[in-house]
K.L.:
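The structure's right below; bear with me while I get my questions together.
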Amino acid sequence: DAGITQSPRHKVTETGTPVTLRCHQTENHRYMYWYRQDPGHGLRLIHYSYGVKDTDKGEVSDGYSVSRSKTEDFLLTLESATSSQTSVYFCAISDEAGHEQYFGPGTRLTVT
Amino acid sequence: GQSLEQPSEVTAVEGAIVQINCTYQTSGFYGLSWYQQHDGGAPTFLSYNALDGLEETGRFSSFLSRSDSYGYLLLQELQMKDSASYFCAVRSSSGNTPLVFGKGTRLSVIA
């Protein structure tokens, strides 16, 4: 299995508070991704990174920001959490853009 | 834009064969991937087809027809542990998303 971890694994927070999720990899893969998964919607890309300090938006990026200051870490920040951001968040990595991605265990975020 | 269609649910009997279809609409198509996800778990990569035809990996096979914008995942000798959700995903050059996932097909294997 790819060495990819996410923290925290579970979080409950209140509306309006900032939240940061961390993804850490030990595979030295160039690409890292943040997805959210909601019932009936499958996996939707929030942001992705193609190198240190190189990031781009996905299809559901509003309300989220990311940072990648080291190859191994990719942070996802919700500046002011809303109830619509209650979801399961998955980080993924790949050594090139596209089809074969390795996923972390996920973070279940609840915004009350 | 890009879109994928796959059945939401499929039920099959242990030991049987099941086919999960996926149709897609996209420009700049590179290939079609399949992922498996058990309840409470993370998606795991199963297969990738860039060219027309059948790719076989053990009990699982994946097929692609680029001219029909269609592919399928074939699971043979079904086992109870195959009960999971299966996602097709398209890699294309259009838009800003490296991989776009379908909404998933929930496979239930029954005795």
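If you're wondering where the values come from, they're calculated on a predicted model, not measured in any experiment. All chains are named by letter (A, B, ...) in the order of the sequence lines, taking the proteins before the strands, and each is independently numbered beginning at 1.
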K.L.:
Run His99(A) and Trp34(B) through side chain to side chain contact (heavy atoms under 4.5 Å, CB included) and show every step you take.
P.N.:
CA-CA 9 Å; His99(A) 67 275; Trp34(B) 289 92; over 6 Å; no
K.L.:
Just wondering, are more than 12 heavy atoms of other shown residues or ligands nearer than 6.0 Å to CD in Glu5(B)?
P.N.:
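12 or below, so no.
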K.L.:
Between Val18(B) and Leu32(B), is there shared hydrophobic-cluster membership here, with clusters defined by ILVMFWY side-chain heavy atoms closer than 4.5 Å?
P.N.:
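Same hydrophobic cluster.
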K.L.:
Quick one: do Phe103(A) and Phe45(B) satisfy ring-ring contact (aromatic ring centres under 6.0 Å, His included)? Show the steps, please.
P.N.:
CA-CA 9 Å; Phe103(A) 284 78; Phe45(B) 172 78; over 10 Å; no
K.L.:
Which atoms form the tightest heavy-atom contact between Phe87(B) and Gln37(A), and what is the distance?
P.N.:
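Answer, listing the atom of Phe87(B) first, then Gln37(A): CZ-NE2, 3.5 Å.
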K.L.:
Are any non-hydrogen side-chain atoms of Tyr31(A) and Pro98(B) less than 4.5 angstrom apart?
P.N.:
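No, side chains not in contact.
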K.L.:
How far apart are the closest heavy atoms of Gly41(B) and Phe90(A), and which atoms are they?
P.N.:
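Answer, listing the atom of Gly41(B) first, then Phe90(A): O-CZ, 3.6 Å.
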K.L.:
At a heavy-atom separation under 4.5 Å, does Tyr30(B) approach chain A through its side chain, its backbone, both, or neither?
P.N.:
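It is neither, since no heavy atom gets under 4.5 Å.
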K.L.:
Look at the side-chain heavy atoms of Ile, Leu, Val, Met, Phe, Trp and Tyr, link any pair under 4.5 Å apart, and say whether Phe63(B) and Leu75(B) land in one connected group.
P.N.:
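Not linked; separate clusters.
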K.L.:
Can you confirm whether more than 12 heavy atoms, excluding those of Arg108(A), are under 6.0 Å from its CZ atom?
P.N.:
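Check fails, neighbour count at 12 or below.
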K.L.:
So does Gln19(B) have more than 12 non-hydrogen atoms from other groups sitting under 6.0 Å from CD?
P.N.:
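Correct, the count exceeds 12.
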K.L.:
Please check if atom CD in Glu14(A) has more than 12 non-hydrogen atoms from other residues, nucleotides or ligands closer than 6.0 Å.
P.N.:
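Counting other residues, nucleotides and ligands, CD of Glu14(A) stays at 12 neighbours or fewer.
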K.L.:
Take a 6.0 Å sphere around CZ of Arg106(B) and say whether it holds more than 12 heavy atoms from other residues, nucleotides or ligands.
P.N.:
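Result for CZ/Arg106(B): open.
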K.L.:
Look up atom CG in Leu99(B) and atom OH in Tyr33(A), then write down how far apart they are to the nearest 0.5 Å.
P.N.:
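Separation between the atoms: 7.5 Å.
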K.L.:
Distance check, rounded to the nearest 0.5 Å: Leu43(A) atom CG versus Gln37(B) atom CD?
P.N.:
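Going from CG on Leu43(A) over to CD on Gln37(B), the span is 6.0 Å.
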K.L.:
Would you give the length of the straight line joining atom NZ of Lys103(B) to atom CZ of Arg44(A), rounded to the nearest 0.5 angstrom?
P.N.:
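One gets 9.0 Å once the value is rounded to the nearest 0.5 Å.
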K.L.:
Gly104(A) and Ala42(B): which non-hydrogen atoms are nearest, and at how many Å?
P.N.:
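Gly104(A) and Ala42(B) have their closest heavy atoms at O-CB, 3.1 Å.
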